[in-house]
Visitor: 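Quick one: this structure, given as structure tokens, is what I'll be asking you about.
Only heavy atoms go into these numbers, but all of them, side chains included; no hydrogens, no water, no symmetry mates.
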Amino acid sequence: MTDRRRPFWPAYLLTALIAGLGHWYLGQWKRGSIWFTLYVLALGFLSARSVSGALELGDPFVITALQFESVSYADVAIPLAVLIVCLLDVYLIGVLQRTAPSSDPPAGEARSNGSS
């Protein structure tokens, strides 16, 4: 198989799990690292629970976040938004790579000059 492109569907699944993993799968390390860092920052610093409770000496953030009755929409809105925009970015990268002209004709087909 001479085409070195990977299938795109695993990139979507990886991105849905953790932002940036789909970019890494597609070989875009720098872009994936930026998305991953942004996602971690959103989880750690931008959620309402960690900002309000960052300086309090109580239960750790992970323990309070796992108590679903105490989690509000504001706690997950920013990390979820980052994840959705990252997933959209992976989708657009996939669309651009699929529509980019390939330099090699598929195996068994000759390159034509436009006339039949």
Visitor: Let me confirm one number: the CD1-CZ distance from Ile93 to Phe8, rounded to the nearest 0.5 Å.
Guide: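 Taking CD1 in Ile93 and CZ in Phe8, the distance rounds to 9.0 Å.
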Visitor: Which pair of non-hydrogen atoms, one from Ala11 and one from Val90, has the smallest distance, and what is that distance?
Guide: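 The answer is CB-CG1, 3.9 Å.
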Visitor: Decide whether Leu96 and Trp9 are clustered together by the hydrophobic rule: side chain heavy atoms of Ile, Leu, Val, Met, Phe, Trp, Tyr closer than 4.5 Å, transitively.
Guide: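 Leu96 and Trp9: separate clusters.
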Visitor: Output every pair passing salt bridge (charged side-chain N to carboxylate O under 4.0 Å, His left out) with a member in residues 8-25, not counting sequence neighbours, ordered by first then second residue.
Guide: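 Pairs touching residues 8-25 that pass the test: none.
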Visitor: Looking only at heavy atoms, what is the nearest atom pair of Ala42 and Val82, with distance?
Guide: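 Where Ala42 meets Val82 most closely, the heavy atoms are CB-CG2, 4.0 Å.
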Visitor: Any chance you could measure Leu17, atom CG, to Leu87, atom CG, to the nearest 0.5 Å?
Guide: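 Taking CG in Leu17 and CG in Leu87, the distance rounds to 10.5 Å.
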Visitor: Does Leu80 sit in a hydrophobic cluster with other residues, and if so which ones, taking ILVMFWY side chains as linked at heavy-atom separations under 4.5 Å, directly or through other members?
Guide: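 The other cluster members (ILVMFWY side chains, heavy atoms under 4.5 Å, direct or chained) are Ile84.
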Visitor: Would you mind listing every salt bridge (charged side-chain N to carboxylate O under 4.0 Å, His left out) that reaches into residues 12-27, with sequence neighbours excluded?
Guide: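 Applying salt bridge (charged side-chain N to carboxylate O under 4.0 Å, His left out) to every pair that reaches into residues 12-27, excluding sequence neighbours, yields nothing.
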Visitor: Please list, one pair per line, the donor and acceptor atoms closer than 3.5 Å that link side chains of residues 34-41 to other protein atoms, with sequence neighbours excluded.
Guide:
residue, atom, partner, partner atom, Å
Trp35, NE1, Asp89, OD2, 3.0
Thr37, OG1, Ser33, O, 2.8

Visitor: Identify the heavy atoms of Gly20 and Cys86 that sit nearest to each other, and give their distance.
Guide: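 Closest approach of Gly20 to Cys86, heavy atoms only: N-SG, 3.6 Å.
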Visitor: Under the side chain to side chain donor-acceptor pair (under 3.5 Å) test, which residues partner Tyr12, sequence neighbours left out?
Guide: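 For Tyr12, the residues satisfying side chain to side chain donor-acceptor pair (under 3.5 Å) (neighbours in sequence not counted) are Arg98.
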Visitor: Please report the shortest heavy-atom distance between His23 and Thr15, naming the atom on each side.
Guide: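 Looking at all heavy atoms of both residues, the shortest contact is N-OG1, 4.4 Å.
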